[in-house]
Number of protein chains: 2
Amino acid sequence: MLKEERQQFILNEVGIHNRILLTDIADQLNVSVDTIRRDIKELHAAKQLKKVHGGAVSLGFNNYNPTGKKIYSLEKKSRIAEKALELIKDGQVILLSGGTTNLELARMLPPKLKLTCFTPSLPIAVQLLGKNNIEVIFIGGRLSKDSQITVGGSAINMLSEIKVDICFLGTNSIHPMEGLTEFDWEIVQMKKAMIHSSRKVVSPCISEKIGSLQRYKICGVEEVDVLITELEPWDVKLDAFKNLNIQIL
Amino acid sequence: MLKEERQQFILNEVGIHNRILLTDIADQLNVSVDTIRRDIKELHAAKQLKKVHGGAVSLGFNNYNPTGKKIYSLEKKSRIAEKALELIKDGQVILLSGGTTNLELARMLPPKLKLTCFTPSLPIAVQLLGKNNIEVIFIGGRLSKDSQITVGGSAINMLSEIKVDICFLGTNSIHPMEGLTEFDWEIVQMKKAMIHSSRKVVSPCISEKIGSLQRYKICGVEEVDVLITELEPWDVKLDAFKNLNIQIL
DNA sequence: TTAAATACTGCAAGATTTTGCCGTATTTTG
DNA sequence: CAAAATACGGCAAAATCTTGCAGTATTTAA
């Protein structure tokens, strides 16, 4: 592997994750840590990233979600986000709902990808603001303190005026019979509106949430075009969905 | 976890909550309190926060900005924001434009003050989200990368539908004859709309910007009801404004 | 084409940093 | 004032960094 390639890879990883561990990279590329260390040293000198003890971080941008809430099941969500990335093509217009899985997706969007991205989520907007090739359009409205997305008539109104290629709908509960359900009524309204504004609905959902039920119904399973989970395709939990949609690992 | 990440996390927490407890952070990050103590010590030495018994607090002025841009003249802006606070009464509906002075104002809003607050600024929205008694309504639209506020037709449209008690209009240039001017055309449009949506227009403005001129005109001085600056009332720079408005130290 | 020069990579030894823990001061609180 | 919480300094283990060196690959030049 050429040095150039390696360094490109490193920059890419930093772009996606905002931080890397020396050992991780060395492991992934099957070279010694010394080599990576030297690469990082060079990239640091070239001001492409910031070298820190144990690895490197991206320049000038914050590594954390702005509101500092803890994210659970980050590994799984990261895997799901990775899969979700494959659905996005250059130049598309997408809609990201709230939720930490989508935040992870936002973080992982490659720096070179050109997109127009609608979102009602404050943390996601902050994250996307750091990506120069992404045009961010924020859905205005009243900010809900705990979900950190905008809700209410104004937001729904704004949603009614758009039509996007793909909507990534962070999902709290999905059930083979009952469809998507949600705890918060205002968010239900938002998600309904998002579905109406999208040609394709993708539902990233960690396994814990599959099969669960909550108070209010958003829509039936038939409205969802793609379900993304971290489970293997043959997992029993997915059987009930097999006659309906596309599923991905 | 990298030291860098940890420290970023700490700064984030301080930026949002204005204060942190040593034990809280240690708990959240699963490291010993000693480690956090050392981090805080370093950050204190780097003047990123103020170390206190049991934790840390943010410095007198705000340096939380998600994109890591530098803020100049913080002292002055802090003083101006303090003055601006006096104009706000419990239960009012206010509109905060972008800019670091307004960000500072947002940070200084007392936690018990009940307000409804409109803003097109992403950093301000993040800051306000941490205050439980403030209802935040975000003006949606396309996010401008460098100013970090929403702009464009959609945002202006949303502004046209509201009427607030006070608008705090972050000001780039104010001139006794030419009025308020701005460099960016899109922001001009936004500010015009904000003025129309407000019963009272307040212009917080550091002395460097008084008397300066930029490319596009927003409005005449007569549209501004209050000018807030850090200068003493008898300063020569203010003479030209004396027959027009209220001025505060 | 061949030989020399140069660049790249992995390894190892010693230096440095990071981190948790412990005992002892210091501060806070009732 | 006394108990509890917090701060501080030193210590040791683990991780990471630095540096020099040697073997291999790549480029340059004759």
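Labels below follow one simple rule: chain letters A, B, ... track the order of the sequence lines, proteins then strands, and each chain is numbered from 1.
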Separation of atom [atom1] in [X] from atom [atom2] in [N], rounded to whole Å:
X	N	atom1	atom2	result
I40(A)	dC17(D)	CD1	P	8 Å
L2(B)	dT17(C)	CG	C1'	13 Å
I36(A)	dC17(D)	CD1	C1'	15 Å
E4(B)	dT18(C)	CD	P	11 Å
Q7(B)	dT19(C)	CD	C1'	13 Å
K3(A)	dT6(C)	NZ	C1'	12 Å
H53(A)	dA15(C)	NE2	P	17 Å
D39(A)	dT9(C)	CG	P	7 Å

Output a table of nitrogen or oxygen pairs between the protein and nucleotides 8-11 of chain D separated by less than 3.5 Å.
from, atom 1, to, atom 2, distance (Å)
dC8(D), OP2, K51(B), NZ, 3.2

Any ion pair linking [Y] and [X] (charged N to carboxylate O, less than 4.0 Å)?
X	Y	value
E104(A)	R107(A)	yes
R19(A)	E5(B)	yes
D39(B)	R6(B)	yes

Have a look at L96(A) and tell me which of L103(A), V136(A), V164(A), T119(A) forms a side chain to side chain contact (heavy atoms under 4.5 Å, CB included) with it.
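Among L103(A), V136(A), V164(A), T119(A), the one meeting side chain to side chain contact (heavy atoms under 4.5 Å, CB included) with L96(A) is T119(A).
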Side-chain atoms of residues 41-50 of chain A: list all donor-acceptor pairs with protein atoms under 3.5 Å, sequence neighbours left out, distances to 0.1 Å.
from, atom 1, to, atom 2, distance (Å)
E42(A), OE1, K3(A), NZ, 3.3
E42(A), OE1, Q7(A), NE2, 3.2
E42(A), OE2, K3(A), NZ, 3.0
H44(A), ND1, K51(A), N, 2.9
K50(A), NZ, E4(B), OE2, 3.0

Output the residues of residues 22-32 of chain A in contact with DNA chain C, where contact means a heavy atom of the residue under 4.0 Å from an atom of the strand; sort by number or write none.
V31(A), S32(A)
